Amino acid sequence: MFKKMLVAVDGSKAALRAMEQAIEFQQMTPDAEIFLICVYKHHSLFAASLSVGRPEDLQIPDDTLAGYAKEIVEHAKQIATEKGAKNLRGFVKGGRPSKMIVEFAKSKGIDLIVMGAHGTHDAKDGLLLGSVSHRVASLAHCPTLIV
């Protein structure tokens, strides 16, 4: 079975269902690890400075987004622990979500990526997969389970 599983979380119900699936796999292989990752889109200070209304204390959007991503990971860890997950670690990364998920999985030797079919945005216009899950499934070096 899988020894290292990566679950992409973004606060969506689909991501939590994906996490539950990874927990079920972990119960079949008790020494398996689950890595949770939340990736926020990077915004530069330059992009923030282009705002029409500029406060005196200009804050970089990344700081706020990183904080929110950390909350998402902590919430997911809490739910996973309540559902019996063991060997659980959480990570927050900034960048293009699909690229960061694939790069992180490769760097950690992940042998299964589990993620929701759609993130925080619902399916529109009859799309079968969200853009991030589609790109990850196409680029990943390991099996990808889309829940």
Side-chain angles (χ1 to χ4, degrees), residues 1-48 51 57-147:
M1 211 46 161
F2 304 106
K3 292 284 192 176
K4 290 185 174 183
M5 295 174 280
L6 176 63
V7 181
V9 293
D10 61 2
S12 68
K13 290 179 183 177
L16 292 178
R17 284 192 301 272
M19 185 179 68
E20 289 172 359
Q21 183 63 63
I23 294 167
E24 286 183 33
F25 287 147
Q26 186 185 52
Q27 291 169 347
M28 291 184 248
T29 310
D31 60 334
E33 295 178 89
I34 296 177
F35 296 76
L36 301 174
I37 187 170
C38 185
V39 182
Y40 62 91
K41 290 182 182 177
H42 170 70
H43 291 84
S44 68
L45 182 57
F46 174 73
S51 175
D57 182 23
L58 184 63
Q59 294 182 347
I60 301 173
D62 279 6
D63 295 342
T64 302
L65 294 171
Y68 181 61
K70 185 176 180 183
E71 289 176 20
I72 289 172
V73 169
E74 290 303 318
H75 182 250
K77 281 175 68 174
Q78 178 184 354
I79 292 171
T81 300
E82 290 169 2
K83 292 186 178 285
K86 308 272 189 251
N87 302 325
L88 187 64
R89 295 167 59 188
F91 299 86
V92 172
K93 299 288 181 184
R96 184 173 182 184
S98 56
K99 181 179 178 185
M100 292 304 301
I101 291 167
V102 170
E103 287 178 3
F104 182 87
K106 196 168 191 175
S107 73
K108 295 293 185 187
I110 299 295
D111 47 26
L112 177 67
I113 299 172
V114 187
M115 58 191 307
H118 296 283
T120 54
H121 298 96
D122 289 333
K124 296 203 183 346
D125 302 324
L127 294 175
L128 297 176
L129 289 177
S131 59
V132 174
S133 57
H134 184 269
R135 281 194 295 273
V136 169
S138 298
L139 300 172
H141 71 286
C142 63
T144 304
L145 175 62
I146 309 294
V147 179

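Residue numbers count from 1 along this sequence. The structure displayed is predicted, hence computed values, not measured ones.
Distance check: Lys106 NZ to Ile113 CD1 gives 11.0 Å after rounding to the nearest 0.5 Å. For the atom pair CE (Met28) and CE (Met1), the distance works out to 4.0 Å, reported to the nearest 0.5 Å. Expressed to the nearest 0.5 Å, how far CE of Met100 lies from OG of Ser107 amounts to 8.5 Å. With rounding to the nearest 0.5 Å, the separation of CZ in Phe25 from OG1 in Thr29 is 9.5 Å. Here the NZ-CD1 distance, from Lys93 to Ile101, works out to 12.5 Å after rounding to the nearest 0.5 Å. Atom CG in Leu65 sits 9.5 Å away from atom CD1 in Ile72 (nearest 0.5 Å).
Across all their heavy atoms, Ala105 and Leu6 have their closest contact at CB-CD2, 3.9 Å. Between Ile79 and Met19, the closest heavy-atom pair is CG2-CE, 3.7 Å. The heavy-atom pair separating Val132 from Met115 by the smallest distance is CG1-CE, 3.9 Å. Here the shortest heavy-atom pairing between Ala80 and Leu88 reads CB-CD2, 3.6 Å. Taking each heavy atom of Cys38 and Asp10 in turn, the nearest pair found is SG-CA, 4.4 Å. Between Gly116 and Ser133, the shortest heavy-atom contact is O-CB, 3.5 Å.
Tested against Ile34 for a side chain to side chain contact (heavy atoms under 4.5 Å, CB included), the candidates Asn87, Val7, Val114, Leu112 yield a single pass: Val7.
Every residue meeting the side-chain contact (heavy atoms from CB on, under 4.5 Å) condition with Gln27, not counting sequence neighbours, appears here in chain and number order: Ile23.
The shortest distance between side-chain heavy atoms of Lys77 and Leu36 falls below 4.5 Å. Within the 4.5 Å cutoff, side-chain heavy atoms of Gln78 are placed close to those of Glu82. Inter-residue side-chain proximity for Tyr40 and Val92 is flagged as met; some heavy-atom pair is nearer than 4.5 Å.
Using cut-offs of 30° and 60° on the angle between ring planes, the pair Phe104 and Phe35 is perpendicular.
A donor-acceptor distance shorter than 3.5 angstrom exists from the side chain of Gln26 to the backbone of Lys86, with no hydrogens or angles considered.
The neighbour count for Arg96 CZ, taken as heavy atoms of other residues, nucleotides or ligands under 6.0 Å away, does not exceed 12.
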